[in-house]
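Following: one structure in structure tokens, then a few remarks.
We count ligands from 1, going down the list as the structure has it; atoms in each ligand are counted the same way.
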Amino acid sequence: MMRPSESTNLYFNQAADQLKMPEWMRKLLITPKREVTVQVAFERDNGNVETVLGYRVQHDNSRGPMKGGLRYHPSVDLDEVRALASLMTWKTAVVELPYGGAKGGIAIDPKTLSTKEIERMTRSFVDEIHEIVGPDTDIPAPDMGTNFQVMSWFRNQWEKYHGFNPAVITGKPVEEYGAKGREEATGRGVGILAVKFLKRINVRPDQCRTAIQGFGNVGSHASKFLFESAFPVVAVSDISGTFYNPKGLNIPEMFSYSLKNGNRLEGYTGAEKLPGEALLELDVDLLIPAALGDVVTKENAGKVRAKSIIEAANGPVDPEADAILASKRITILPDILANAGGVTVSYFEWVQNRQHYRWTLDRVRQELDRTLSDAFENVWQHSATNDVSLRTAAFMLAIARVQRATELAGGAV
Ligand code: GLU
């Protein structure tokens, strides 16, 4: 299997080939600006000291301060973070936010830690990386395994060194300089784009049977938006398995069940229960992977029966699977566009923090809709004009923008 950064760079190169980009420019754009690995040592509740590794990769800042989430997950390593950091550079460029890309994380399963332990670990991580992040350099945010509470500890610890400046991190609690609508933003963005996409292919929402892998922050909000937009959401899955109803699931009921049940669907009895892997192979119109990366590979791509895929997760389809799905004429709306709603509202949060001004939820939602719609139309047109996949079109637009900013700045080029 390819390493995550190899997969991402392969997608980059497919677009760079179309742009006839010279080798030296590819190398300049692919190579991360800075990669940091730090020791994160913290005290467990029993008094023992735990030592784990933390990472921050700052990929590119030619278009603005670097931006990207913090992931707490056992799969985190330098190569995964490197791949995710570069995806952030292309993502912010596709939706034209004035940012570059970065990503960070800690190699640990937060479910094995108490709340106090996660707090101490987060503060220790900030102690190690506080000098390289800041509102004008690199602005972290939530990702898998982190949430508004982690963002709040991060900000508090960073401010102990540098003084008041909530714009150092986004995805904060709404009561503490967070933006209204940030929590729902990635899932809502997926839903907004699904609606645009269906209009383009002339399919009515009520005819689009949809399966969503993952019922975390992204999957649950995407399900809710699609349910409210009349999509029959026939399957959703989480760590406890797949929940299926060919007539459409009662998503509002599942949403509140999961909230009350520690963000898990385990024990929900309102639907037929299938094994977790079954979701990817269901006979549906639209498949939305909204959990981990690399879930569609050459092993299972042949079994995918959906007509279209929207990549709500980062990197859910690896390049070998991408080629197989293309030969089956399955359309893919790529991650760097499909899940950009989160970082878009992070940008709105950062703007509000810097202006000491609060937007209403309506304004956040309207501007999110506008930003994603413009980006979608651009990518759709570019794909049609150049006769390339939506992924290659999105990468072409993104890397051309980063190349242009790099050339305008001069210096290295
Ligand atoms: N972690 C999210 C992503 O992968 C959001 C990043 C952000 O808001 O900066 O896009």
Heavy-atom nearest neighbour in the protein, as seen from [atom], with distance rounded to 0.1 Å:
{"atom": "atom 3 (C) of ligand 1", "value": "Lys91 NZ, 3.4 Å"}
{"atom": "atom 7 (C) of ligand 1", "value": "Ala141 CB, 3.3 Å"}
{"atom": "atom 8 (O) of ligand 1", "value": "Ser346 OG, 2.6 Å"}

Between [X] and [Y], is there a side-chain N and carboxylate O pair less than 4.0 Å apart?
{"X": "Asp17", "Y": "Arg26", "value": "yes"}
{"X": "Glu80", "Y": "Arg71", "value": "yes"}
{"X": "Asp77", "Y": "Arg3", "value": "no"}

Q) Looking at residues at least two apart in the chain, or sitting in another chain, which of them share a side chain to side chain donor-acceptor pair (under 3.5 Å) with Thr392? A)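 Residues passing side chain to side chain donor-acceptor pair (under 3.5 Å) with Thr392: Ser389.
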Mind checking whether [X] has an N or O less than 3.5 Å away from an N or O of ligand 1?
{"X": "Thr170", "result": "no"}
{"X": "Lys67", "result": "yes"}
{"X": "Pro142", "result": "yes"}

Q. Among Lys103, Arg182, Met88, which one has a heavy atom closest to atom 5 (C) of ligand 1?
A.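 Selected option, by shortest heavy-atom distance: Arg182.
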Q) Among Val218, Asp143, Leu84, whose heavy atom sits nearest atom 1 (N) of ligand 1? A)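 Considering heavy atoms of Val218, Asp143, Leu84, the nearest to atom 1 (N) of ligand 1 sits in Asp143.
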(Q) If you take the centroid of each ring, where Trp contributes its six-membered ring, are Trp380 and Phe376 closer together than 6.0 Å? (A)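 Yes.
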Q: Tell me whether the centres of the aromatic rings in Tyr99 and Trp350 are closer together than 6.0 Å.
A: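 Centroid separation for Tyr99 and Trp350: below 6.0 Å.
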Q: May I ask you to identify, for Asn314, whether its side chain, its backbone, both or neither come under 4.0 Å of ligand 1 on a heavy-atom basis?
A: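 It is the side chain that gets close, since no backbone atom is under 4.0 Å.
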Q: Only one of Thr122, Asp143, Asn147 passes side chain to side chain donor-acceptor pair (under 3.5 Å) with Tyr72; say which it is.
A: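 Between Tyr72 and the candidates, side chain to side chain donor-acceptor pair (under 3.5 Å) is satisfied uniquely by Thr122.
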